[in-house]
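Hydrogens, waters and symmetry mates are skipped; everything else that's a heavy atom, side chains included, is used. Every chain is numbered from 1 and lettered A, B, ... according to where its sequence line falls, protein lines coming before strand lines.
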2 protein chains.
Amino acid sequence: MKAKATLKNISSLLGISISTVSRALSDHPDISATTKLKVRELAEMLDYEPNSYAVYLRTNASKVLGLIVEDISNNFYDSVISAIEKETRKIGYSLLILQSSNDPEIEQSCIRLCKYNRAAGIFIALSSSGTDMAPFRKLEENGTHIVFMDKVPDDEGFDKVAMNDVRAAVIAADALLEKKHETIFALFGDKEFSITRNREKAFTEQVSKLSSGTKLLTGYAKDRISAREQTRLALDSQERPDALFCMSDEILAGAIKAVQSSGLRIPEDIAIIGISNGYIPTLFSPEITYVETSGHALGIQAFESMMNHLNGLTNPISVEVPVRLVRAGSL
Amino acid sequence: MKAKATLKNISSLLGISISTVSRALSDHPDISATTKLKVRELAEMLDYEPNSYAVYLRTNASKVLGLIVEDISNNFYDSVISAIEKETRKIGYSLLILQSSNDPEIEQSCIRLCKYNRAAGIFIALSSSGTDMAPFRKLEENGTHIVFMDKVPDDEGFDKVAMNDVRAAVIAADALLEKKHETIFALFGDKEFSITRNREKAFTEQVSKLSSGTKLLTGYAKDRISAREQTRLALDSQERPDALFCMSDEILAGAIKAVQSSGLRIPEDIAIIGISNGYIPTLFSPEITYVETSGHALGIQAFESMMNHLNGLTNPISVEVPVRLVRAGSL
DNA sequence: AATATTTCCGCAAACCTTTGCATATCAAAT
DNA sequence: ATTTGATATGCAAAGGTTTGCGGAAATATT
């Protein structure tokens, strides 16, 4: 195992001082052009890499960011992560991606790891709604900036970035009601999450506002299996819905299986609309019309919030990421 | 911004030396029980976290691992990453996840970032097949262990972990030919990748071995769109296939859309089998039978290889991750 | 020719931790 | 009373970097 090149190393080889080498490499005006050249050449030759640990120790400015989500294998968060990773790398920072598995205890250990790495900031999608905010306040006090993503807390005083849930639900209702429908079956996620409540409220209100004659059936599913089962029951029932709204990919994936095995035609027998990042809806034929909540856009926004703070902007900002309708053949 | 607690900090507060504090916290036998207690209590109170950068500088043993894949948003790699992240965190290490975007140049900058962080090891799924191995040899010389995953180089002398491609293709052929089929349409990925060639060779050989009467049509698709188009053509052609083999999720996703819009029934009119991590095949009704190439299993294996090396095992090992048939309703 | 100014470079401290070695205290053994 | 041994603690160096300050040499100014 070869010894790593160091400043000391280079300086003694060149017969100059360590500080001169350091300054030469960082293009300090005090150093002459000729010296800079010599130093740079040798550094190149020896494959010199500054020791980031020593740098941190001296400067106290870490170049690592943390990111905590419940699971990397999630086709919304993966695009959020993908965006943030690219941006982070672009500015020469390192990103620590951690999975909380939706468990507050694991979430804590993820945070500990961020602290251990002296992360300058943490992006986090909260695991559960009733999380204790005290640790996060402490983190901020200690100089670790927090940006909450997607599932954001109600507390003021933090940077937050979330999809515009209300708008998404309204757009979905609008699109669905462009054509007349007798009965809409609207399938939502876990009632515990505020995201569910927001979307349900907005969707319901918009439907009754636009078309008070339309019957609205509502269901809640915690997972794909349950979504499938409830959809099956609805389709078999007396008042078979002729329109289906799914508030998330997970829900959509379950519901559409029920539709497929029912033999009903999309959109002739039943219209479908979802809220999605865009991957799942394109897997089927016809493709499903959806309101796009772009993970990529959310990631970019979150990163921007982080940068703003790291560059000195101090007042916390709450951002809503815009959504848009993507039309396909399911309406 | 509060000042971080340090050993010096604690030591002066307690009126004892830094070394004593350090040893007390690491449970060194030289330190008396009473001192240990006092130190631990204060450390707890002050929220002391050892400064990992200082630790590294002193011990020269970094606790970070790097991982490079083309894209995090990939429903095979995401499960690989998920597994490795959890294992890495379990041993108190930090994982740096980086995306090469299938670009050798970006791949190099990812590697630079790993070097900058003094990663003890790097997991990597190569971006292109004809990659120059020299940088990786150099990395090993400098003490950074490399574990190649999935798309592994031919070179000897490296740790490698890959799916058992040949076996996967053979199992798929076996399962497909349990029932008689007139014409099989087998759709593969980019011919450039050795993974494609391996799977094609194995599949073709097995088909002709088991059932020389069966007609085998072969196609190559670089993406989903192309897979869909080729499948559509095949289904519209004179000799419509009654069986379909898709070598990957991407291919399957495209092909199945063509099948769905053709109106053909699965499996009555056409049987389908794929090779997959398991997510995509369960989205449809009936669910698609597939040979499981588990990203999770691959991740676990890769991590194990890394650990073996970090614990002193030096000779490089090449591991093939086993695959298995998951039966559903598409055959 | 003396002084002022610029240009270039080195000294040394500090960041926080780990660890080999020395030291101090006290009890037990001679 | 002296030595031995064990127990508990401290000293100081090292790891690689950045940076304020001081200083020597070269150049410019009077």
Could you tell me how far apart [X] ([atom1]) and [N] ([atom2]) are, to the nearest whole angstrom?
X        : N      : atom1 : atom2 : result
B/Tyr56  : D/dG16 : OH    : C1'   : 10 Å
A/Leu7   : C/dC9  : CG    : C1'   : 15 Å
B/His28  : C/dT19 : NE2   : C1'   : 8 Å
B/Lys4   : C/dC16 : NZ    : C1'   : 13 Å
A/Glu49  : D/dT17 : CD    : P     : 11 Å
B/Lys63  : C/dT17 : NZ    : P     : 14 Å
A/Ile16  : D/dT17 : CD1   : P     : 14 Å
B/Arg118 : D/dG15 : CZ    : P     : 14 Å

Under-3.5 Å N/O pairs linking protein and nucleotides 4-8 of chain C:
none

Of the options A/Ile18, A/Thr20, A/Leu46, A/Ile16, which is the one that meets A/Ile10 in a side chain to side chain contact (heavy atoms under 4.5 Å, CB included)?
A/Leu46

For residues [X] and [Y], report the shortest heavy-atom separation together with the two atoms involved.
X        : Y        : value
A/Met306 : A/Ile122 : CE-N, 3.4 Å
A/Asn9   : A/Lys4   : ND2-O, 3.6 Å
A/Leu298 : A/Met163 : CD1-SD, 3.5 Å

Can you pull every protein N or O that's under 3.5 Å from an N or O on nucleotides 11-15 of chain C?
{"residue": "C/dC11", "atom": "N4", "partner": "A/Ser19", "partner atom": "OG", "Å": "3.0"}
{"residue": "C/dC15", "atom": "OP2", "partner": "B/Lys8", "partner atom": "NZ", "Å": "3.4"}
{"residue": "C/dC15", "atom": "O2", "partner": "A/Leu57", "partner atom": "O", "Å": "3.3"}
{"residue": "C/dC15", "atom": "O2", "partner": "A/Arg58", "partner atom": "N", "Å": "3.3"}

On DNA chain D, compare the nucleotides closest to B/Thr20 and B/Val55; which residue's is nearer the 5' end?
B/Thr20

Strictly distance-based, threshold 3.5 Å: is any side-chain N or O of A/Ser82 a donor or acceptor partner for the main-chain N or O of A/Ser79?
no

Treating B/Asn277 as the side-chain partner and B/Gly295 as the backbone partner, does any N or O pair qualify as donor plus acceptor under 3.5 Å?
yes

Distance test, side-chain N/O of A/Tyr48 to OP1/OP2 of D/dT17, below 4.0 Å
yes

Is it the case that more than 12 heavy atoms not belonging to A/Asp154 sit under 6.0 Å from its CG atom?
no

All ring-ring contact (aromatic ring centres under 6.0 Å, His included) counterparts of A/Phe148, not counting sequence neighbours:
A/Phe136, A/Phe158

Please check if any side-chain donor atom of A/Asn51 sits under 3.5 Å from a side-chain acceptor atom of B/Tyr56, or the reverse.
no

